[in-house]
Number of protein chains: 2
Amino acid sequence: MHLDKINRKILSILQQEARITNQQLAERVGLSPSSCLNRVKKLEEQELIGPYLGVLRMEKLCRSVTVIVTVSLKDQSTDSFRAFEKAARDIPEVVECYTVSGTFDFFMRIVAPDMLRYNQINDQLLDINPGMVNLSSHVVLNTDKPFRGYPLEQLLED
Amino acid sequence: MHLDKINRKILSILQQEARITNQQLAERVGLSPSSCLNRVKKLEEQELIGPYLGVLRMEKLCRSVTVIVTVSLKDQSTDSFRAFEKAARDIPEVVECYTVSGTFDFFMRIVAPDMLRYNQINDQLLDINPGMVNLSSHVVLNTDKPFRGYPLEQLLED
DNA sequence: CTTGAAAAATTTAAGAA
DNA sequence: TTCTTAAATTTTTCAAG
């Protein structure tokens, strides 16, 4: 994937200020609005960027509990993994899930209204493959650095 | 925080489609464009929503390695925690970091161009408090469920 | 890529529910 | 208040160079 300087700048700005107007974006990257819009459209068509998300401030919106869960499956079969991935996708409170190498099989982030509801979800996950799922819960005490995008300068080649 | 049905719908839509036009948003929530815009402005002023992020598709953009790191500090002093939090904020490849309760002290997600660079970051983190930091790295093999917003229906009271 | 005109969206102001 | 309408401003979009 080759990107010129302007496209990098567009992605970098759009990554952090998704609701910027095309006119402002054009000005900041030094293009006319129409060619800037053409580039944005192309970047979206190529699916290099999108969707666009509004970050909700949960702490101001309502009480909630965030838990990071490590998962180990005793049964290392494909079916067992598939079942777990499906559960992650189907439970709305599981807001993200990764398959990893190392000591664990999955990491999940779960956001629930309270511990009672979290406990239900925990039980639901244990029931997927009874006796074969090992969960460890870590309640989030503080978000030291919230996700605000990727470090493009470090990641893109010259 | 009390939100009527319309504000919930606005937040829910804006969370997932941040670049929707105000006119389309107004239509979907059943308001005139001007009153819809007023509500959005208020929600932003109250900092219930924002910033707005464009999701970059790293897998299409460039090669990269994502690692989830568990951190335990042997030294449980406030200074030690502070130093670690600062490092997380200052290293651009650390894209998010949480302080947690349980077996670990922190979870971090690190995105680096390759393993060589990841290893350097790992060393940098170990150097913060030599001999007193325990890191465990878990390379992400698959993103089973990427973060796409919070489950508002489950989280907001009636 | 740029310009420039037409179409669409945003924003403001005035007044009604 | 919060809404709607409507006009003024700004932005987006598209055709032509």
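Note on naming: letters A, B, ... go to the chains in the order of the sequence lines (proteins, then strands), and numbering restarts at 1 for each one.
Distance CG (Leu31(B)) to P (dC3(D)): 6 Å, rounded to an integer number of Å. In this entry the distance linking CG of Leu25(A) with C1' of dT12(D) reads 13 Å, nearest Å. In this structure, CD1 of Ile10(A) is placed 8 Å from P of dC1(C), rounded to the nearest angstrom. Atom P of nucleotide dC3(D) and atom CD1 of Ile6(B) are separated by 6 Å, given to the nearest angstrom. Between Gln24(A) atom CD and dT10(D) atom P the separation is 12 Å, expressed in whole Å. Separating the CG atom of Asn22(A) from the P atom of dT11(D) is a distance of 10 Å, rounded to the nearest angstrom. Counting to the nearest Å, the P atom of dA9(C) and the CD1 atom of Ile20(A) are 20 Å from each other. One can place CG of Leu37(B) at 14 Å from P of dA9(C), the figure rounded to the nearest angstrom.
Tyr52(A) has its ring centre no less than 6.0 Å from the ring centre of Tyr52(B).
A sub-4.0 Å separation between OP1 or OP2 of dT13(D) and a side-chain N or O of Lys41(A) is present. Under 4.0 angstrom from either OP1 or OP2 of dT2(D) there lies at least one side-chain N or O belonging to Lys42(B).
Summary of the strand contacts: Ser34(A) and Gln23(A) both lie near DNA chain D, and taking for each the nucleotide with the nearest heavy atom, the more 5' one is attributed to Gln23(A).
The aromatic rings of His138(A) and Phe107(B) sit perpendicular to each other, their planes meeting at more than 60°, with 30° as the lower class boundary.
Nucleic acid contact for Ser35(A): base, since at least one base atom lies under 4.0 Å from a heavy atom of the residue.
Counting atom types as modelled, Thr21(A) pairs no side-chain N or O with a base atom of dT10(D) as donor and acceptor under 3.5 Å.
Taking the side-chain contact (heavy atoms from CB on, under 4.5 Å) definition, one finds that Pro151(A) meets it with Gln154(A), Leu155(A), Pro92(B), Glu93(B), Val95(B), sequence neighbours left out.
Note on Asp158(A) versus Lys5(A): no salt bridge recorded, every NZ/NE/NH1/NH2 to OD/OE distance being 4.0 Å or above.
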